[in-house]
Amino acid sequence: MQLAVLMGFLLAASSPLLHRWFGQRTSLVLALFPAGLAAWLALQAPEVIENGSLLLAWQWVPSLGISLTFLLDGLSLLFGLLITVIGACVLVYAGGYLKDHPDLARFHIALVAFMVSMLGLVLADGLFTLFIFWELTSITSYLLIGFNHSDIEARKSARQGLFVTVAGGLALMAGLVLLGIASGSWSLAEILSADADLREHALYTPMLICLLLAAFTKSAQFPFHFWLPNAMAAPTPVSAYLHSATMVKAGIYLLARLHPELGGTALWVGILSVVGATTMLVGAFLAIHHTNIKKLLAYSTIMTLGTLTMLLGIGSEYAMTAFVTFLLAHSLYKGALFMVAGILDHETGTKDVTQMGGLRPVMPITATIALVAALSFAGVPPLLGFIGKELMLESVLGADRFQMLLVLFAFVAAILTIAVAFIVALRPFYGKRYQTPLEPHEAPLSMLVGPALLALGSLLLGLVPAMLGGDALLTSAATAVAGHTTEVTLSLWYGVNIALIMSMVSLGLGFWLFKRWDSVRGRLSILNPVMRRGPEAGYESMMNGIVHLSEWQTRLLQNGYMRNYILVMLITLIALIGNSILLRHSPQFAFDLDVRFHEAAVVGCMAMGALFATISRSRLGAVVSVGVMGFSIALIFILFSAPDLAITQLLVETLTVILLVLVLFRLPRFSNLSTSFERIRDGIVAATMGILICMLIMTSWSIQQFEPISTYMIENSVPLAHGLNIVNVILVDYRALDTLGEMFVLALAAIGVIAMLKLRHGEGLPSENGDGKNGEKRNAAITKEPYDG
Amino acid sequence: MDTVILIGQVIMSVALILAFVRVVRGPSLPDRVVALELFSTTVVGLVGVYAIKTGVASFLDAAIVIALMGFLAAIGFARFLERGGPRDD
Amino acid sequence: MRPEVALPVLLPLLSGAISLLFWRSRAMQRFLVVAGTIALFIVSLWLFISTLSEGYVTMQMGSWPAPFGITLIADLLSAVMVLMTAIIGLAMGIYSLATTGRGHEKFGYYPLMHLLLAGVMGAFLTGDIFNLYVWFEVMLVASFALLILGGERAQMEGAIKYVTLNLLASVIFLTAVGLLYGMVGTLNMADIALRMEAAEHTGMVEVLAIMFMVAFGIKAAAFPLFFWLPASYHTPPVAVSALFAGLLTKVGVYALFRVFTLMFDQTMGYLQDIMLWGAALTMVTGVLGAAAQYEFRRILSFHIVSQIGYMILGLALYTPLAIAGGVFAIVHNMVVKTNLFLISGITHRLQGTYQLKKMGGLYRERPWLAVGFFFSAFSLAGVPPLSGFFAKLVIVRAGLEAEAYVVTGIALAVGFMTLYSMVKIWNEVFWKSLPEDNHVPETATPSGDDGRLIRPSLWMMYLPVMLLAMGSLLIGVFAEPMMWVMTTISDQLLSPAGYIEAVLGASASIEGALLEPLPTGAEEAVREKTP
Amino acid sequence: MVKSGTIILNTAARLLMPLQLLFSVFLLLRGHDEPGGGFIAGLVAAGAFTLYLFAFGVSATKEVLRMVDPRDLIGVGLLLGMISVLPAWFMGQPFLTAQWWTIPIIDFKASTPLIFDVGVYFAVLGSVTGMVMSLMEVDKDEP
Amino acid sequence: MIDFIKGTLIISGALFMLLASVGLLRLPDLLTRMHATTKAATLGVILVMLAAAMHFAEVGIVARSFAIIVFILMTAPVAAHVMGRAGYFVGSKLWSGTVKDELRPNYDPLTHELKSGLETQQNAKRQPRETDPD
Amino acid sequence: MTGAIWNLLLGLAWVLLSGDFSGLNLLVGMVFGYITLILIEPQLDALKGYPARVPRFIGFIAFFLKELIQANLRVAFDIITPPWHMKPGVIAMPLSARTEMEITMVANMISLTPGTLSLDVSDDRKVLYIHAMFLDNEEELRRNLKEMEHRALELFR
Amino acid sequence: MEPLMALAIGLLYATAIFMMLRRSIVKLVIGLMLLSNAANLLIFTTAGMTRGAPPLIPEGMTQPLGEVADPLPQAVVLTAIVIAFGVLAFAVVLIRRAYEVVKADDLDKMKDTDT
Ligand code: NA
Ligand code: NA
């Protein structure tokens, strides 16, 4: 299985090649892959249902606890089947939708890669493997949303989706690491089967918050929901697949997966119920607000995601049953509806529901599919959606906490949902025929197969819930989510109870709302200013804030004033050293002054030379002064037994002065550019540094307690190295490697200088005259002139 | 003898200091350069005396180098002046 | 006699010297750069294999026993750094063949490149603190010269800052070496480590540690010492930028790792917090600096800074896993950051600008380039399963295990900000259509009839890019062997006895190094050598 | 512009340069035993060429150097330095291990450290001369 | 006896150097200062080196001492000439007590031509320089 | 002068070849070099007259040292005793010396002796401009200078 | 002697840093010169200073007569001096070229690459 998943990435990568071989039929060929996987999963189902779970071990990075081991239990099986089956449908559908699109091959790369990632996500046993696939779904989703990349909206939306989900991903990483640390294992199977109760662990709260953040962003919970409608910039097959059936449910999957270990605490119940319910209501409410068919569906998806979260929050056995049922039902009808929306968009050239109508005669099959799916959506019997809604309302009514709130929210949401369902499925097909940008026809077969299959699924699973082992599968899934055996028996009829009544009432009210939609929408527009201040505005201002912060920081730190850079560096150094030597320890040194007059004079000349070089108003005065300092240093070297050094210093000093003089000729005189404040400030910094250095020298010199290694060098200079000048022996023998490096340094400096002086103004660059001969000619011409001193 | 050397060193040190004073006072570049020349020549003398004092003849090598190479700086400055560099700089 | 530990230094020196001698012959230089870097790669691989099997490989240069002569020593960290440098060098060698102008070739581009590599190699392999200084300078002066090659105004401005601030670092380094020698009388790092343990004045030990930290911090471009980097890295020819990005700061980081695990491990208690916050601020300021930028290479430059923060964070956490993560981050970053710069060079060649706003349309035009960028950029942002993800994961895990929650949180947030910049580049350069007003200059794009680059040299630019992008993926796929290497490295680093023994021999101890007992009394405590 | 070096400077340079060069060789060869060595000698030699440059200008100095560009000197120097590293390898010793040979007829002790020092000499000479020369070279073509 | 000579040489050498520096400090203009430095300092070095030669009394070291003397004698006047010339031509102020300047009229500051004044058989007139315009 | 250089070169070559770097050896080398130069004088124009010049050279040094000390004492006196008695000025001295080498030697001698400092040589090399410190008696000064030139030139001719 | 040197070196560091903080690039370079000299002197000083005993072994002997100055810091400083010379030469020419390009001896006019 792992191999199959990994092969999926290769398959994705080779899709351009497949396009060369199969042309337009590539989608069908590719669809065989998820179909095959689905079949394989289906074959595993009995065993999974029998044993509860199946572990397929495969190591990857054991030292980090990263494995490619797959954990196949009811939950992952349910998700896996949804992913592969809907994936196959979507691939076939996309082949029709994007027919003749030049970038179809690239689309396939991303889509197949996404499908594989998603599959990996739900199958992963390793915490980090889960994370890896999680991130991959974000990335592939980014590529898919930005498919129409020349459109700025698509780029922006893709970026937004990526940022929100990746931000959550980072929380996920932190959460998973904390989970791993707390549980002592990096394997989900082990964590789920361990005895230790993580709810008691000190890290529980931070861990949970991180994980919830991850789940909420990925599954578009309020207030992170705004990216999902924007993601509708993606081609419709993508919306159908990622943004309704699969990816957005990854967060839900995560919550469900961890529910047995982390769920049920007050924190969990509180956050999940409230956030879920709020999301549900907000999603449903916002859906009503839009006329773009895809946005309508997107908001209704948010509503569903909220519902699922809420159910996980409630956590009762009913809720678990409702959760798995609702999940399955939603994937089926919403997938179908999105594809229908795509057909409408594809055929009519518009996405605006108010601009469509009376299309049933020209596209009867589509209309039927839409009707079936919408009825399931609306929760009309005998479709699967009805069962789901029934169970949901039941759970809400049985909730331990926030019962009233949840019921109210659920009820309102149900009404709104029904209205949305009708708007999507009835409005375009019935009533007055509108003129659309394109002349509509029935969609091609490839675009009908997928939605038809899904709609059929909704219908059949509603009518005969046990068909294809539906009950068993959902039982297994619910068991996995609940953490204990939870029997699921689906039925269209649970008797007349409050849930049924609520359901029926909402149906009526929903239909009424559908009828009065246009006027309601008009009245809702007064809320627009409020909505503009929603979470999305927060996101925008955060993004702007980053840029402003960045600009501010650059002005503050990287402002181009080098003296500020130097100041910061020095103050850092001074502060650290000062703190260490003065505050944390105390400097200890003996002040033992044994000085001859001439030595003092020379040292004085040196110091005064340096001082005068800094205060001199004349550049060359400063240079001469530096020369004096250099000669004094040479003399110090002589007075303290270093003739080689003295000679080197003298020569270097002389040559430096010559270089300076050669260069200064071109430069202007000193001018006083600093303010006196700056001079005082710099003076203080400089003086502090000087005092510290002075103290350090004294300390270092005073505390010497080891035999220097040079004793050996002195002893062996003649016997082993055959040289009388020990310094030279060190340079060319003991430490010849230093000298080797040093001569290269000098050579490099020379190369640099020569290049700097002779290679200039683009001279000799390929853009000019081929190979730089012109520079040479110029110089040659000049050297012919008499030298002018 | 040591006293003599000490006196010699002191005198030459004073000479060094005086030369340095001229470097500081200038006023023009040639004045400073001449002072630098004198400074380096005095260093040669000091090195000679120091060699005598310590008995280390190797120090004289440094003196040779100054005697042979020390005037290059002055030539550099002269070139600067002759090419039109400001002399009161 | 283990030549493989010295050859990575000596080979580029030799090829550099020969290349310089043949400065008149372009063909010879071009031949040498390829032959030289391939040979370098081979010996580096040899060294890597040797260290893998033996742990430490040493050579006492000139046959002088340690600590008297200079020891070259490779532990696994050195060997890995050497190998990565050789890989980068090889990539750059090929890339340079296509991008280097004749003027640059004539004025020492290739010799400078050889010698830059030599300096880097020397820094990685030397076991002597002053020798380290020398190699730093070799590397630095080579980089100075490469930086100004061409002499544009921006280059000059950048170079002044680069040169000055790096010189400041060198002087701090040198000062520390001087104080160190004054205190312990040795330059061999293993010997220093031994003597430091016995040093009486812990305050001075701490001060030295701080000075090395600041000096290497400047070289590594850590907060608040990084200013030279964003000021200069975007100014030279792109191959040079890439070379710098891959190598130079990493040498500073390497030195931090080396010094603080070997010589100053006892100061970590106090300096750890400073380093930790330094690392966090490095990450944040680096990544924030990039956010407002719209120049390809400036964005990348700021991100170098931010990534350095990750590496230093690894050191600062100072747990085995953290150090492994830090080294992982170094390796990952060398591959990826170099590659991003190389890609910026190709895009510049194609569209004649580094300004994101003026670029566009390359996703459709140059799908393979897009793939290369995509992998590298998202790897930089830590997206799995690329190399950057593992580096980040290890550090985050280590951070959380060490209960450094805030800093780890910052590290995660910085990952997000990295993605922000990378997505910006991707959106602007690859997805967006080419703006109407970008008139691709003739010189930048020797163009065919359809406006595309048709020079055969383009493959020489693509080859290293694709290989490095692949490298990032492969590091991810083979994360387990990578992690094994990294853990071995961190084991070696955290138990320096092995290193010390490899350098000084099994009998190494501090007794032999101590002076005769000093007479008691305050005045006599001062060493008096003057007659 | 002032005219070129004066008669006095020129003559002095003509006298002093050979003297300085000779002295530099002297310093180079005895460096192992007395103050001196490759660096010092190289710097003295570079000083000699600098003096000549000041007196006679770039083209005349180039003539003195014949076809040898300072960069060639650098290359030769570095190469000599590298060459002195290698013989030890062939003897199975670590790099840079000193090898000593006695040249029979003149009884001269040759060694890798000496070759090394000669390499340093040329590298320093070439580098410094190259820098000064190119500085003076570009100085002329500008106002 | 030898010690006495050495001592005398050293002290007098040192005194000449002091003399040079006092002259440098006290004399009024560049050229007069240069008189002090070239002559007195050179002499000082010579005397000290003679002392050194006597002190070591080894041929090799004596040769070195003489080498220093020779080198100083070769370089000092050259440096003085170059500096004096440069100083004069770029307009160092001459001391107000200067009694004669035969160079000024023969020098063209624009072309930097320096005539001998013998071309027209007419010697330059005594013409102290004006104060420096700079 | 070429001869002197050659002599020195030969001396150094001797030192190098014998491998004995002592000063005594150099002196020996110089002496041998001198003898060699006497032997090959007829073959090389550049060496013309060199052997004969060496004794004259030693005599000249004595003269020169005397002048040097004299001059210094006078300058010294003037420096230490203000007010200044000096009467500085720039004079033009017509040159008898013709070759560059001669002119240089003469100019340098003048720089090192009685209160005089060579400033420059005119472009046509006919006149040496000298800064003199004591122009009390210009005629005597010019005479002294001429004598100096004459003695110096003797060495070369 | 070392305490006096320590004071002088401290002063050298201070002056060097003060010069490096000026706006003029010429002053900057002079600051760099002072700084490298200061560092060299520091190495020379901290190892201890010895009068009149250079690390030279007399002809024909195998060990020096009596105690000599520590040769290692001398070798290190010599290397450092030459390196500093190379770097400074580079820096000196760099400011010349920078001035040519920017036309001002003012670091404040050289901040375009940063902002
Ligand atoms: Na240790
Ligand atoms: Na330690």
Side-chain angles (χ1 to χ4, degrees), chain A residues 596-602 604-606 608-609 611-613 615-625 627-632 634-635 637-639 641-651 653-670 724-725 788-789, chain B residues 5-6 8-17 19-21 23-29 31-37 39-40 42-43 46-47 49-51 54 56 58-66 69-89:
Chain A
R596 316 283 149 85
F597 177 79
H598 63 281
E599 291 166 358
V602 176
C605 280
M606 175 189 87
M608 289 306 115
L611 198 62
F612 181 65
I615 57 176
S616 170
R617 286 174 181 278
S618 122
R619 297 172 306 162
L620 287 148
V623 172
V624 174
S625 200
V628 166
M629 183 195 70
F631 280 122
S632 307
L635 194 49
F637 286 147
I638 296 237
L639 295 179
S641 318
D644 286 272
L645 269 186
I647 299 173
T648 314
Q649 175 77 28
L650 279 165
L651 292 166
E653 205 58 46
T654 307
L655 289 167
T656 313
V657 165
I658 285 174
L659 285 177
L660 264 179
V661 167
L662 280 174
V663 161
L664 287 184
F665 178 66
R666 295 272 161 224
L667 289 158
R669 300 174 188 206
F670 276 170
L724 299 172
N725 180 356
D788 54 7
Chain B
I5 287 174
L6 190 66
Q9 282 180 329
V10 169
I11 296 174
M12 284 193 239
S13 312
V14 173
L16 273 189
I17 295 170
F20 178 64
V21 171
V23 169
V24 173
R25 288 193 19 198
S28 73
L29 175 61
D31 293 298
R32 297 184 210 272
V33 177
V34 168
L36 182 65
E37 267 294 297
F39 197 92
S40 76
T42 313
V43 168
L46 262 172
V47 172
V49 172
Y50 193 64
T54 56
V56 180
S58 302
F59 289 141
L60 290 179
D61 292 330
I64 298 182
V65 174
I66 308 179
M69 312 299 293
F71 77 117
L72 272 179
I75 302 217
F77 281 109
R79 184 176 189 275
F80 172 86
L81 288 168
E82 298 205 345
R83 301 210 68 197
R87 65 171 184 82
D88 59 342
D89 184 18

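What you are looking at is a predicted structure, and each value in this text was computed from that prediction instead of being measured. Protein chains get the first letters and strands the later ones, always in sequence-line order, with residue 1 at the start of each.
Side-chain contact between B:F71 and B:E37 is present, with at least one heavy-atom pair separated by less than 4.5 Å. Using a 4.5 Å heavy-atom threshold, the side chains of A:T648 and A:F637 count as separate.
Scanning for ring-ring contact (aromatic ring centres under 6.0 Å, His included) contacts around B:F20 gives an empty result, with sequence neighbours left out. Residues meeting the side-chain contact (heavy atoms from CB on, under 4.5 Å) test with A:T656, sequence neighbours left out: A:V652, G:M33, G:F85.
B:R32 places no side-chain N or O within donor-acceptor distance of the main-chain N or O of A:S625, the cut-off being under 3.5 Å. The closest donor-acceptor contact from the side chain of A:R619 to the backbone of A:L667 lies under 3.5 Å.
Heavy atoms of A:L662 lying under 4.5 Å from chain B belong exclusively to its side chain. At a 4.5 Å heavy-atom cutoff, the contact between B:F77 and chain A is made by backbone and side-chain atoms alike. Heavy atoms closer than 4.5 Å to chain B are found in the side chain of A:L651, but not in its backbone. Heavy atoms of B:V10 lying under 4.5 Å from chain A belong to its backbone as well as its side chain. Interface remark: A:V628 contributes backbone and side-chain atoms alike to the contact with chain B (heavy atom separation under 4.5 Å). Residue contact with chain B, scored on non-hydrogen atoms closer than 4.5 Å, involves the backbone and the side chain of A:I638 alike.
Of the listed residues (B:G76, B:A62, B:A35, B:S58), the greatest number of heavy-atom pairs within a distance under 4.5 Å of chain A belongs to B:A62. Of the listed residues (A:V657, A:L639, A:L655, A:V623), the one with the most heavy-atom contacts under 4.5 Å to chain B is A:L639. The choice from B:A51, B:S13, B:S40 that makes the most heavy-atom pairs within less than 4.5 Å of chain A is B:S13. Of the residues considered (B:V24, B:V23, B:I11), B:V24 shows the highest number of contacts with chain A, using heavy-atom pairs under 4.5 Å. Across A:L664, A:L650, A:V602, the residue that shares the most heavy-atom pairs under 4.5 angstrom with chain B is A:L650.
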Note to self: One pair to check against side chain to side chain donor-acceptor pair (under 3.5 Å): B:S28 and B:D31. What are the steps and the verdict?
What the structure shows: CA-CA 5 Å; B:S28 73; B:D31 293 298; 2.7 Å; yes

